[in-house]
Protein chains: 2
Amino acid sequence: MSIKEEIMKTLKQEILTLTLKPGAILSETVLSERFQISRTPLRDVLKQLSLEAYIDVYPKKGNLVSYIDLESVEQIIFLRSALEKEIIKYLSEHLALKGVHELKDILDRQKAVILEDAATEPFLNLDDAFHAALFRLAGREYLWNLIQQSNVHYVRYRRLHMLRKEKLEEIWDEHQRILEYMTRRETGKLEALIHHHLREDINSLYLQENFADYIRG
Amino acid sequence: MSIKEEIMKTLKQEILTLTLKPGAILSETVLSERFQISRTPLRDVLKQLSLEAYIDVYPKKGNLVSYIDLESVEQIIFLRSALEKEIIKYLSEHLALKGVHELKDILDRQKAVILEDAATEPFLNLDDAFHAALFRLAGREYLWNLIQQSNVHYVRYRRLHMLRKEKLEEIWDEHQRILEYMTRRETGKLEALIHHHLREDINSLYLQENFADYIRG
DNA sequence: CAAGTCAAACTTGTATACAAGATAAGGCTG
DNA sequence: CAGCCTTATCTTGTATACAAGTTTGACTTG
């Protein structure tokens, strides 16, 4: 992996995990000292981060880690909802036994994480793994990767919501039911379930009340 | 509009209209002479074109206009199909009279273009305008703009397919019927219609037979 | 003291010289 | 003559000096 890719990966992770908080300044000179590299390749990285909405660039002023944009979150949820409905409709008819086992395995590991009372980090990774597997098993890995490029706001939004532990069980249960309905080909109940699974928290005021500093005014 | 944005717009249009053919070389030095600007800002433009799949970058070798990737086209069609089904479901219940008139107006102008036997250029613009209007009227302009960023392959694919004049009438008729069903709230027929409207040509071999040079091997 | 102004110290934007890898042609050697 | 190796000349990648806009704060002036 090239140096630029490493820097990109590092910065993306720090932003997504909120180690770099919304509003934090990413100065080219500071970053060039931190990573011991000149401004030119750093600007390549910042340009990409800007295009993927990780940072906001104010010309001749500075680069700020973007604030979470709830409008963007709602739109992405609509997008994922529309896609996953189609994907699950497809999988209900085409999912092979091997795929079922794969999904079951992810759910088992996720359950273990919940019981061990571990950090939210591995839970989130397995949550992603579950949805990614759905896309991949339906031959839609391309679209999964595409969505990842527009995911900054949604990923941070979800991370903050999942700080509440009661959410985790709830999410796991829904995953479990999605898999059940899929294997039983009960397509009727699936659409509503997906809709609820993705959409549930968007209308709550949890973020506005607890993390107002991170939200785009 | 800044100089970089103008260059970007110019290059994007030349690629989308196939003035710059797939495989054409975009050398930094040649472009810097053409636009009378140094390589640094040009590299910013090329970086964005690369991220949006307009060009393929081969490090230390060169930048080529990307070949049309039919896999990408199929995936984007699936994406659009899933989105537009949801959008039209929504519009069937919420579309105001003003919106209906707007869509009708676009269709009228498109019909005029067909009758005047004009170039495919204005037809394509109105085709885009129709679909963009659907997104906008449903409050999904954000997603329309998002899709545009991943559209290089699809746009060029569609342009080549529409060189056949018989296609134009067919497309227009489908638009007309989509609008009719929507206003009459006949949601049952709409899903299949959208599906057909977007998906019809993907399995034909028209491109492979007539424009093999433009296709990614 | 208050307010306005000017200058210095920041920020990113641009141009350019140089580094380093890739390619292709020419010449050498068997 | 064939094959290989060397070298010249492409390409993009990086570092750096300079340009230009923005902000901040101190100083002057009323």
Side-chain angles (χ1 to χ4, degrees), chain A residues 1-12 14-15 19-67 69 149 152 213-214 216-217, chain B residues 1-12 14-15 19-67 69 149 152 213-214 216-217:
Chain A
M1 186 183 285
S2 78
I3 297 174
K4 283 199 281 187
E5 281 170 338
E6 296 232 30
I7 294 173
M8 174 92 75
K9 190 179 156 192
T10 302
L11 289 178
K12 276 188 173 180
E14 290 183 1
I15 292 173
T19 307
L20 279 172
K21 300 196 183 345
I25 296 173
L26 288 188
S27 154
E28 293 180 2
T29 56
V30 171
L31 290 175
S32 73
E33 286 168 11
R34 171 178 170 190
F35 293 108
Q36 289 293 305
I37 199 171
S38 82
R39 280 177 56 215
T40 308
L42 257 177
R43 280 176 64 79
D44 283 359
V45 174
L46 291 174
K47 174 92 204 228
Q48 182 165 346
L49 290 179
S50 158
L51 286 174
E52 296 185 17
Y54 283 76
I55 63 175
D56 292 324
V57 174
Y58 298 92
K60 309 264 173 117
K61 285 193 245 182
N63 312 307
L64 301 188
V65 175
S66 67
Y67 290 91
D69 177 21
Q149 290 171 17
V152 221
D213 292 353
Y214 294 172
R216 168 159 298 160
Chain B
M1 187 184 284
S2 78
I3 297 174
K4 282 199 281 189
E5 282 171 338
E6 296 233 29
I7 294 172
M8 173 92 75
K9 190 178 155 193
T10 302
L11 289 178
K12 276 189 173 178
E14 290 183 1
I15 291 173
T19 307
L20 279 171
K21 299 195 183 348
I25 296 173
L26 289 189
S27 155
E28 293 181 2
T29 55
V30 171
L31 289 175
S32 72
E33 287 168 11
R34 170 176 169 191
F35 293 109
Q36 288 295 303
I37 199 171
S38 84
R39 280 177 56 216
T40 307
L42 256 177
R43 280 176 65 80
D44 283 358
V45 173
L46 291 174
K47 172 91 204 222
Q48 181 165 348
L49 289 179
S50 159
L51 285 174
E52 297 185 15
Y54 282 77
I55 63 175
D56 292 325
V57 174
Y58 299 92
K60 310 261 174 118
K61 284 193 248 182
N63 312 306
L64 301 188
V65 174
S66 67
Y67 290 90
D69 176 22
Q149 290 171 18
V152 221
D213 292 351
Y214 294 171
R216 169 158 298 160

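In what follows, every chain begins at residue 1, and chains take the letters A, B, ... in the order their sequences are listed. Computed from a predicted structure; not experimentally measured.
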Nearest-Å distance, [atom1] ([X]) to [atom2] ([N])?
| X | N | atom1 | atom2 | value |
| --- | --- | --- | --- | --- |
| Glu28(B) | dG13(D) | CD | P | 6 Å |
| Glu33(B) | dA15(C) | CD | C1' | 15 Å |
| Ile37(B) | dA19(D) | CD1 | P | 17 Å |
| Tyr58(A) | dC10(C) | OH | P | 23 Å |
| Leu64(A) | dT22(D) | CG | C1' | 14 Å |
| Gln36(A) | dT16(D) | CD | C1' | 15 Å |
| Asp44(A) | dT12(C) | CG | P | 15 Å |
| Leu46(A) | dT14(D) | CG | P | 14 Å |

Is any side-chain nitrogen or oxygen of [X] closer than 4.0 Å to OP1 or OP2 of [N]?
| X | N | answer |
| --- | --- | --- |
| Thr40(B) | dT14(C) | no |
| Lys61(A) | dG21(D) | no |
| Arg43(A) | dG13(C) | yes |

Heavy atoms under 4.0 Å, any strand shown: does [X] hit a base, just sugar-phosphate, or nothing?
| X | answer |
| --- | --- |
| Asn63(A) | sugar-phosphate |
| Ile3(B) | nothing |
| Lys47(A) | nothing |
| Leu42(B) | nothing |

Worked check of side chain to side chain contact (heavy atoms under 4.5 Å, CB included) between Val45(A) and Lys4(A):
CA-CA 7 Å; Val45(A) 174; Lys4(A) 283 199 281 187; 4.3 Å; yes
Using heavy-atom distances to pick each residue's nearest nucleotide on DNA chain D, tell me which of Lys60(A) and Ser27(B) is more 5'.
Ser27(B)
Pro59(A) or Arg39(B), whichever maps to the more 5' nucleotide of DNA chain D:
Arg39(B)
To the nearest 0.5 Å, tell me how far Tyr67(A) OH sits from Leu64(A) CG.
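Going from the OH atom of Tyr67(A) to the CG atom of Leu64(A) covers 6.5 Å.
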Without swapping roles, check the side chain of [X] against the backbone of [Y] for a donor-acceptor pair under 3.5 Å.
| X | Y | answer |
| --- | --- | --- |
| Ser66(B) | Tyr54(B) | yes |
| Thr10(A) | Glu6(A) | yes |
| Asn63(B) | Ser27(B) | no |

No-H, no-angle donor-acceptor pair, Thr29(A) side chain to dT11(C) base, under 3.5 Å:
no
